[in-house]
Number of protein chains: 2
Amino acid sequence: MSTAEETAGGETSAWAEVTPDAARRLLIAAVEAFAERGYHATTTRDIAGRAGMSPAALYIHYKTKEELLHRISRIGHEKALDILRTAAHREGTPAERLADAVSSFVRWHAGGRTTARVVQYELDSLGPDARAEILALRRQCDAEVRAIIQDGVAAGDFDVLDVKGTTLAVMSLCIDVARWFNVDGPWTPDEVGALDADLVLRMVGAK
Amino acid sequence: MSTAEETAGGETSAWAEVTPDAARRLLIAAVEAFAERGYHATTTRDIAGRAGMSPAALYIHYKTKEELLHRISRIGHEKALDILRTAAHREGTPAERLADAVSSFVRWHAGGRTTARVVQYELDSLGPDARAEILALRRQCDAEVRAIIQDGVAAGDFDVLDVKGTTLAVMSLCIDVARWFNVDGPWTPDEVGALDADLVLRMVGAK
DNA sequence: GGCCACGCTAAGCGACCGCTCACCTTGGGC
DNA sequence: GCCCAAGGTGAGCGGTCGCTTAGCGTGGCC
């Protein structure tokens with residue numbers, strides 16, 4: 001596949017950068033627990049237990065429970081930004097790049113729903129500093145999508161009333177997938193990605 | 001105003017049905033606290049404090065903290081359903097009804113962002129029974145929107161590939177407003193409602 | 001083989017959680 | 001004026017939380 005999807009990656013392979021092994025296992029356990037129950041409802045004992053370790057082992061690799069969420073959020077947002085950047089900077093018309101960006105981004109939210117849920121909805125549980133850092137990454141994501149739409153308008157390929165507002169709506173469509181998508185439901189991530197890409201092209205009035 | 005917006009109501013007037021007065025004050029305090037910090041990060045002491053009462057007073061009017069979330073969720077979803085029903089059953093073309101439904105629903109999510117946040121994102125904190133009850137209301141909301149789109153397709157006014165998927169996308173656009181909307185931001189709820197209504201008409205290929 | 005650094009555990013600390021209970025105040029009926 | 005129901009409070013219970021500390025096992029280096 002020559003789209004940006006290859007960077008969407010699998011559910012667990014995305015954490016290869018986290019070392020040593022015990023730290024990665026704890027991080028993956030935390031992602032699962034946060035996605036299922038939410039950050040505040042998850043206990044450090046639960047995380048350690050899922051990783052097959054005692055509660056105290058967590059604090060050898062992470063200073064606090066919040067540091068776990070921070071690391072997860074940063075890695076997740078960097079992945080999201082990577083997906084959008086790859087699509088935005090590839091060859092092709094604005095319509096092709098926008099469709100690639102949306103379908104890849106939606107696929108990531110649907111397929112890696114566990115991670116995406118934590119990344120998109122647990123931001124408010126971070127402290128002010130970490131939160132500000134993550135928000136900066138999020139603004140960069142918006143900017144990538146806005147740039148594609150801007151290009152399409154400049155080239156006369158798109159018909160858009162409000163570029164900023166339409167960008168936000170496109171992001172809404174992608175992000176909200178993490179809220180409702182169900183792996184046991186009637187759609188595959190690919191199908192939702194294709195459908196939403198079509199809908200977004202309609203939203204921007206692509207010729 | 002002859003749209004469905006009149007049923008969108010104010011932020012606090014929506015809880016007039018809750019009596020006695022102390023129970024309503026506690027409920028409004030809980031809505032604010034849940035919206036700011038999330039259900040699990042909110043303490044019963046915080047809720048009672050916001051309502052100007054001692055921690056024990058909460059348990060005179062509500063059996064548990066979860067009952068508060070349950071009541072909030074049910075009233076909120078009933079309000080959402082009411083807004084969508086009003087728009088779906090009014091006079092007019094499918095396009096007019098869909099635009100009314102989306103703009104009213106978006107206005108409710110933007111203006112009553114505090115309530116909408118709790119209603120849309122704290123569902124998982126409910127127990128299985130309460131959660132099932134709320135999910136039924138949510139399916140009814142989807143059904144109202146789907147019916148409008150179905151009407152438009154049947155009348156030949158809309159051009160839609162996948163009615164069910166498009167319905168979900170429309171709901172995503174509306175609901176996600178509660179995640180990003182900021183009262184200090186550049187838009188009023190009315191403006192976002194109008195923009196999203198336009199985008200939705202494009203999504204369904206309205207003539 | 002002695003030794004130490006490292007990764008981990010068992011036990012537990014202080015704080016705070018949801019919730020309860022014994023008691024207090026107050027306003028209306030007779 | 002007395003009484004009781006309704007609605008409130010202060011204190012606190014049992015439990016669990018995030019996190020710490022003292023000590024244990026083990027693999028690599030000389």
Side-chain angles (χ1 to χ4, degrees), chain A residues 15-73 118 122-131, chain B residues 15-73 118 122-131:
Chain A
W15 311 108
E17 65 180 88
V18 181
T19 54
D21 183 70
R24 180 173 50 253
R25 269 162 45 221
L26 283 165
L27 198 99
I28 292 172
V31 170
E32 289 172 5
F34 292 163
E36 276 178 31
R37 311 201 215 288
Y39 175 78
H40 280 106
T42 298
T43 69
T44 54
R45 283 165 177 82
D46 181 29
I47 296 169
R50 285 173 190 249
M53 301 168 119
S54 78
L58 194 149
Y59 294 92
I60 296 165
H61 300 283
Y62 302 96
K63 238 170 56 189
T64 62
K65 176 178 156 187
E66 194 194 320
E67 190 191 325
L68 267 166
L69 179 59
H70 186 191
R71 300 261 314 246
I72 292 167
S73 286
V118 178
E122 299 291 344
L123 182 76
D124 289 340
S125 302
L126 287 171
D129 292 349
R131 181 194 159 108
Chain B
W15 310 108
E17 67 180 86
V18 181
T19 53
D21 183 69
R24 180 171 51 252
R25 270 162 46 218
L26 283 164
L27 198 101
I28 292 171
V31 170
E32 290 172 3
F34 291 162
E36 277 177 30
R37 310 202 216 288
Y39 175 78
H40 281 108
T42 299
T43 68
T44 54
R45 286 165 175 80
D46 180 28
I47 296 170
R50 285 174 192 247
M53 301 167 120
S54 77
L58 195 151
Y59 294 91
I60 296 165
H61 301 281
Y62 301 95
K63 239 170 54 188
T64 62
K65 176 180 156 187
E66 193 194 320
E67 190 192 326
L68 266 166
L69 179 61
H70 186 190
R71 300 261 316 245
I72 292 167
S73 286
V118 178
E122 299 293 343
L123 182 76
D124 289 339
S125 303
L126 286 171
D129 293 349
R131 184 193 158 109

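The chains referred to below are lettered A, B, ... by the order of the sequence lines, with proteins before strands, and numbering in each begins at 1.
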Taking atom types as they are modelled, would you say the side chain of B/Arg45 forms a donor-acceptor pair with the base of D/dG12 within the 3.5 Å cutoff? yes
Separation of D/dG18 C1' from A/Tyr62 OH (nearest whole Å): 17 Å
Using atom OH of B/Tyr39 as one end and atom C1' of C/dG18 as the other, report the distance to the nearest whole Å. 9 Å
Interatomic distance, A/Arg37 CZ vs D/dC17 C1' [rounded to whole Å]: 15 Å
Which nucleotide, D/dT9, D/dC17, C/dT9, lies nearest any side-chain atom of B/Ala57? D/dT9
Using atom CG of A/Asp46 as one end and atom P of D/dC17 as the other, report the distance to the nearest whole Å. 9 Å
Just so I know, are the side chains of B/Arg25 and B/Met53 near enough to count as touching, which here means a heavy-atom distance under 4.5 Å? yes
Proximity to the side chain of B/Ile60 - top-ranked nucleotide from C/dG18, D/dG7, D/dG18: D/dG7
Between CZ of B/Phe34 and P of C/dG18 the distance, given in whole Å, is 9 Å
Checking side-chain contact (heavy atoms from CB on, under 4.5 Å) against B/Lys65, which of B/Thr44, B/Thr43, B/Leu58 comes through? B/Thr44
Report the nucleotide, chosen from D/dG18, C/dT9, D/dG8, that has the shortest atom-to-atom distance to any side-chain atom of A/Tyr59. D/dG18
Return the value, rounded to whole Å, for the distance between atom NE2 of A/His61 and atom P of D/dC19. 16 Å
Side chain B/Tyr39, main chain B/Asp124, donor-acceptor under 3.5 Å: no
Using whole Å, what does the distance between atom P of nucleotide C/dG18 and atom NZ of B/Lys65 come to? 4 Å
Ignoring the backbone of B/Ser54, work out which of D/dG8, C/dT9, D/dT9 is nearest its side chain. D/dT9
In whole angstroms, the gap separating P of C/dC16 from NE2 of B/His40 amounts to 19 Å
Can a donor-acceptor pair be found, under 3.5 Å and without considering hydrogens, that links the side chain of A/Glu66 to the backbone of A/Gly127? yes
